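Counting starts at 1 for both ligands and their atoms, in listed order. Hydrogens, waters and symmetry mates play no part in the numbers below; they use all other heavy atoms, side chains included. Owing to the predicted nature of the structure, the values given are computational and were not obtained by experimental measurement.
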Amino acid sequence: MSKNTLSITDNRTGQTYEIPIIDGVIRTMDLRQIKTGPDDFGLMGYDPAYMNTASCRSAITYIDGDRGILHYRGYPVEQLAEKSTYLEVAYLLIHGELPTPQQLEQWVAEITMHTMLHENLRTFIDGFRYDAHPMGMFISTIAALSTFYPEAKEVDDRQIRMQNVIRLIAKVPTIAAWSYRHRQGFPLVYPDNSLSFAGNLLSMVKKMTELRYTPNPVLERALDVLFILHADHEQNCSASVMRSTGSSRVDPYSAVAAASAALYGPLHGGANEAVLRMLTEIGHVNNVPAFIKEVKEGKGGKRLMGFGHRVYKNYDPRAKVIKQLADQVFEVTGRNPLLDVALELERIALQDDYFISRKLYPNVDFYSGLIYQAIGFPVDMFPVLFAIPRTSGWLAQWLEMLDDSEQKIARPRQVYIGVGRRDYPADRPPAYRGPLSATATSR
Ligand code: ACO
């Protein structure tokens, strides 16, 4: 008869242990009982980059990477992209259920009411160099917000928690737009609360001399759909940083700043920026085969950016939606010439044994940059555009972590491989000779 346990025989001692399997996992703390003797610390799991370690139990996002499935709170992301709005999805992620019409109305009103930033943040952003990367400004400004809302550190107070969740979701578009405007040298634009979440972002980014900015409805919807698709992705690099940082019970602004920093890297949220740079470098469909050859040869660690994923070993479901979205956007903006390069790269890669055998398919970032560029965003705004909706996902992960009685401050173990104990050389003149030093006292 089958049992939900794992039997382990330690060949060092001949002892056998029976470890429970719950929901398909063993607890690595159960390995600690496996010892060679009383002084032995006990067995640990070694898992650099958390390739096979679940760090939490979560009810937010479900991914089946082999089948290319992504659900938020059980709802397939394709259905949400078709029928929902980003703010409704943010509510779903944070609260666990879709809102009633009244709840949605109140939620949208609350978020809309909190889009303004403290005026001092104008001066703060003004302090950055004219050519500062908007993601650097975004990360720092979010961290600075913690000083404007010091009560946010009361993370055990549910009311305070939720108030700052709303503030963060509401203020990130304003910070993003102001970072962009500073970089461009344009005056900062205040939020227009008569517009939708995405429409308001477009207004704060694009408004020039007109009294009111009216967003193109197709572009406004496309941006909102991109926000839905980017809202959460379970325990990815930045979500893990959000949870780890938040596990020290720091305020959510500091934790979101840390998560944003993780997102900035080219292997994570910076990938859409890297894709556009790669497509621009390739320049023409004729150059695609040579580029693919270089990637396969691993020249200079070259990778096909926007391809491959730690979890998806199939077509990323978000990439499918984005590819369709691109056609609608290009009808309004005109075709992005780099689309042909992207389509050719995808066509060749999906037939090539190098990519097939490694299960490398387009991920969310492969086409999203082309849409952002067509809407008129410069490449260095791409990670910022990713961070705006991901803020709701990070906060959902953070809230779940705070309510999880099994969680503690994140603190991985290590396998020490350095030298053993040794003394500071007696014949070496000490680098420190000030007060309280042994040399000073004996003098
Ligand atoms: N181009 C070429 N080869 C690749 C690529 C790629 N994009 N991705 C992986 N490979 C190869 C690796 O060289 C390796 O080959 P090998 O077995 O011969 O050594 C094999 O595929 C496995 O790659 P790993 O790096 O071990 O896979 P990992 O799961 O660690 O990496 C990652 C996932 C970081 C996303 C990787 O696929 C990558 O660098 N992709 C390009 C960057 C990118 O698009 N990132 C966005 C991810 S989605 C997101 O964050 C929203």
Could you tell me whether Tyr50 atom OH has more than 12 heavy atoms of other residues or ligands within 6.0 Å of it? no
Step-by-step salt bridge (charged side-chain N to carboxylate O under 4.0 Å, His left out) determination, Arg277 to Glu273: CA-CA 6 Å; Arg277 293 194 197 285; Glu273 183 177 348; 2.6 Å; yes
I'd like the atom pairs linking ligand 1 to the protein - N or O on both sides, separation under 3.5 Å - with distances to 0.1 Å.
| from | atom 1 | to | atom 2 | distance (Å) |
| --- | --- | --- | --- | --- |
| ligand 1 | 1 (N) | Leu304 | N | 2.9 |
| ligand 1 | 3 (N) | Tyr354 | OH | 3.0 |
| ligand 1 | 7 (N) | Leu304 | O | 2.7 |
| ligand 1 | 7 (N) | Phe307 | O | 2.9 |
| ligand 1 | 13 (O) | Arg303 | NH2 | 3.4 |
| ligand 1 | 15 (O) | Arg358 | NE | 3.2 |
| ligand 1 | 18 (O) | Arg358 | NE | 3.2 |
| ligand 1 | 18 (O) | Arg358 | NH2 | 3.0 |
| ligand 1 | 25 (O) | Arg303 | NH1 | 3.1 |
| ligand 1 | 25 (O) | Arg303 | NH2 | 2.9 |
| ligand 1 | 29 (O) | Arg310 | NE | 2.8 |
| ligand 1 | 30 (O) | Arg310 | NH2 | 2.8 |
| ligand 1 | 39 (O) | Arg303 | NH1 | 2.7 |
| ligand 1 | 40 (N) | Phe307 | O | 3.0 |
| ligand 1 | 44 (O) | Gly306 | N | 2.8 |
| ligand 1 | 44 (O) | Asn363 | ND2 | 2.9 |
| ligand 1 | 45 (N) | Leu267 | O | 3.3 |
| ligand 1 | 50 (O) | His268 | O | 3.4 |
| ligand 1 | 50 (O) | His268 | ND1 | 3.0 |

Geometric cation-pi criterion Arg73 and Tyr75, 6.0 Å radius, 45° cone: no
Which of these, Phe291, Phe366, Tyr354, sits in a ring pair (Phe, Tyr, Trp, His ring centres under 6.0 Å) with Phe307? Phe366
Partner set under side chain to side chain donor-acceptor pair (under 3.5 Å) for Asp380, not counting sequence neighbours: Arg183
Please check if atom CD in Glu105 has more than 12 non-hydrogen atoms from other residues, nucleotides or ligands closer than 6.0 Å. no
